[in-house]
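In what follows, chains carry the letters A, B, and so on, assigned in the order in which the sequence lines appear, proteins first and then strands, with residues in each chain numbered from 1.
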2 protein chains.
Amino acid sequence: MKQLSILSKIQNHMERFSPAEKKVAMYIMEHAELVPNMTTKDISKNAGASEASVVRFCKTIGIGSFKALKLTLVRELTIADMNINDFSIIEKKDTPFDLFNKVTYVNKAAVESTTATIDRKELEKAAEAMVKAKKILFYGVGGSAASALDACYKFTKLGYVSMMSHDFHMMIPLIANLEPNDVLVAISTSGRTKDVLEIVQFAKKKSATVIAITKLDPSSPLYKEADIKLCVPDVEQDHRIGSMASRMTQLNIIDALYLITFHQMGSSVIEKFHEAREEVVRLRR
Amino acid sequence: MKQLSILSKIQNHMERFSPAEKKVAMYIMEHAELVPNMTTKDISKNAGASEASVVRFCKTIGIGSFKALKLTLVRELTIADMNINDFSIIEKKDTPFDLFNKVTYVNKAAVESTTATIDRKELEKAAEAMVKAKKILFYGVGGSAASALDACYKFTKLGYVSMMSHDFHMMIPLIANLEPNDVLVAISTSGRTKDVLEIVQFAKKKSATVIAITKLDPSSPLYKEADIKLCVPDVEQDHRIGSMASRMTQLNIIDALYLITFHQMGSSVIEKFHEAREEVVRLRR
DNA sequence: TAAAAATATGAAATAAAATTTCAATCTGAG
DNA sequence: CTCAGATTGAAATTTTATTTCATATTTTTA
């Protein structure tokens with residue numbers, strides 16, 4: 001039989017808690033992953049009960065101390081899965097540290113959630129395309145520009161002619177010089193950024209392979225146009241705040257693409273790679 | 001190949017510990033499973049060193065506090081049989097999808113591990129500094145340039161005069177125009193990039209506040225020079241592959257800084273923010 | 001080789017967190 | 001009502017973690 005986890009124990013006990021304990025229980029159930037980094041004071045504030053009640057709560061559920069509860073929770077949560085991906089949990093009274101913990105949690109969840117949208121076959125197609133390419137271009141604007149820059153840097157290290165710009169007009173001549181089998185990686189979570197779409201169309205005209213990093217949405221133009229779709233989840237974001245998680249998901253996919261390419265290239269290239277790295281360490285500007 | 005495992009990190013570092021730290025390290029290696037339930041005093045007694053040395057030991061191995069060490073140990077000891085925690089497990093026969101899963105795992109772990117190095121007080125100092133600043137500059141080179149770009153974009157959205165460049169020579173005049181209370185965010189995981197250090201020194205001469213995003217390493221020059229240190233874990237990477245995880249940790253901290261600043265600014269600014277966003281959606285280039 | 005600088009260390013002070021105490025406040029049975 | 005028992009949080013206390021600082025040690029420099 002399955003060992004009764006501490007969280008379900010709390011759940012089962014819910015009816016029998018006193019009002020103050022119940023507040024604590026509710027808070028802990030809903031923010032279990034934050035608890036290990038919190039103090040009794042933090043929790044009392046957030047749950048609207050006293051510190052004493054937090055400690056009493058621990059005893060009530062049969063755990064000796066608050067510290068023991070934290071350890072128990074960490075142990076259980078390392079295996080647990082997660083589901084939040086928005087910032088509805090942000091509250092007025094949050095301290096910087098609270099906010100940090102929440103961001104960390106959301107980002108972790110975002111990375112995790114890329115597993116749900118990525119497609120094996122598309123990854124394989126991407127791997128194949130990367131090997132065939134001489135030149136690789138990356139294009140993303142606004143929030144996606146940083147991802148493009150990161151990707152560009154990584155593939156340069158692999159010895160590709162790899163370029164990016166967030167300037168539409170700069171991209172045009174770059175695209176004009178693409179040859180068949182070269183790759184354009186277009187990054188736009190929404191899949192509806194006009195500049196990106198125009199660049200993609202131009203690249204297709206030059207018979208380049210277009211890889212899109214975009215959210216899984218069959219109705220989006222970018223999704224429809226791309227030869228290869230590496231999909232990020234639609235991490236529904238609090239629009240007041242703007243997307244943070246989407247950058248994480250883009251980068252996670254870029255990292256994968258990089259590692260896959262690296263893996264395929266084999267040891268031949270690795271020497272040059274090594275050489276460049278040593279030079280960097282030596283010069284260390 | 002190295003990884004995110006704290007115990008092997010301690011092992012690898014063994015030669016470089018000071019005598020007192022070494023005693024602590026030895027004790028912890030041998031009794032790792034007991035440590036989460038011990039206090040600094042317990043350990044100092046058992047290891048034959050002072051409590052201060054226990055705390056210092058944590059910093060030396062790149063973990064922000066003793067409490068964080070305890071949490072990290074619990075996580076690892078429970079995760080141990082969940083096998084993967086680094087890239088040593090990359091095998092020839094890995095499919096692209098396998099590689100994707102491994103990258104995802106590593107990135108998630110990297111984000112998670114920032115909780116071990118961040119310091120509450122430094123976050124609060126950073127929050128304060130950001131509110132006082134008129135102008136914010138970001139500087140990072142190589143792999144850190146993408147993080148700087150991302151940060152710059154985010155803070156521009158908040159209405160700051162926010163700039164970045166990865167060109168050293170371009171940075172000079174930007175720094176020259178900084179005023180007291182303005183902020184320079186210097187991003188360098190190693191904390192030893194020469195360009196970055198020179199920029200930091202110049203900024204300090206202009207009385208700007210320097211926030212460093214760097215690994216927790218008390219001996220690194222950037223760590224020593226910065227007014228405020230937001231530390232990322234030393235996700236020691238397979239040097240054949242180059243760092244992926246470190247970008248994740250940088251971005252996680254940048255996201256936190258952004259959210260904290262946003263949170264502090266309050267609703268006054270949120271309107272302008274909204275306005276810009278709606279314009280973006282309308283124009284959607 | 002001596003002086004100066006940098007590093008390392010633990011005792012003690014301080015800060016932070018957890019726990020306990022206790023007086024005030026409820027709650028409900030008689 | 002009223003009183004016994006339960007519940008609660010403010011404040012005191014205890015425990016734990018962290019920082020400071022003076023001293024000791026090593027390393028560098030002159």
Strictly below 4.0 Å, N to O, side chains only: are Asp98(A) and Lys45(A) in salt-bridge contact? no
Let me know the distance between NZ of Lys41(B) and C1' of dA18(C), rounded to the nearest Å. 15 Å
Should Arg16(B) and Asp217(B) count as an ion pair when the cut-off is N to O under 4.0 Å? no
Gap between atoms CG and P, on Leu69(A) and dT19(C) respectively (whole Å): 10 Å
In whole angstroms, the gap separating P of dA18(C) from CZ of Phe66(A) amounts to 5 Å
Residue closer to the 5' end of DNA chain C, Lys67(B) versus Ala52(A) (nearest nucleotide): Lys67(B)
Whole-Å distance, Ile43(B) CD1 to dT18(D) P, equals 11 Å
To the nearest Å, give me how far apart NZ (Lys45(B)) and P (dT16(D)) are. 10 Å
Over how many whole Å does the gap from Asn46(A) atom CG to dG9(D) atom P extend? 15 Å
Any side-chain heavy-atom pair from Phe17(B) and Val24(B) closer than 4.5 angstrom? no
What's the closest nucleotide to the Thr39(B) side chain, out of dT19(D), dT8(D), dT16(D)? dT16(D)
Please state whether the phosphate of dG9(D), meaning OP1 or OP2, lies under 4.0 angstrom from any side-chain nitrogen or oxygen of Ser53(A). yes
One should read off an interatomic distance between Ile61(B) CD1 and Thr72(B) OG1, to the nearest 0.5 angstrom, of 8.0 Å
Any side-chain N or O of Lys121(B) less than 4.0 Å from the OP1 or OP2 oxygen of dT19(D)? yes
Using OP1 and OP2 only, check whether a side-chain N or O of Ser65(A) sits under 4.0 Å from dT19(C). yes
Please give, in whole Å, the distance from dA8(C) C1' to Phe57(B) CZ? 16 Å
Atom CD in Glu225(B), atom CG in Leu197(B): separation rounded to 0.5 Å? 6.5 Å
Hey, which sits more toward the 5' end of DNA chain C by its nearest nucleotide, Lys224(B) or Met38(A)? Lys224(B)
Please state how far atom CZ in Arg120(B) lies from atom P in dA15(C), giving the value in whole angstrom units. 16 Å
Angle class for the Phe262(B)/Tyr258(B) ring planes (parallel below 30°, perpendicular above 60°, tilted otherwise)? tilted
Could you check which of dT19(C), dG10(C), dT18(D) has an atom nearest any side-chain atom of Thr40(B)? dT18(D)
Glu21(B) vs His13(B) side-chain heavy atoms within contact, under 4.5 Å: no
Which residues in residues 15-36 of chain B have at least one heavy atom lying under 4.0 Å from any atom of DNA chain C? Ser18(B), Pro19(B), Ala20(B)
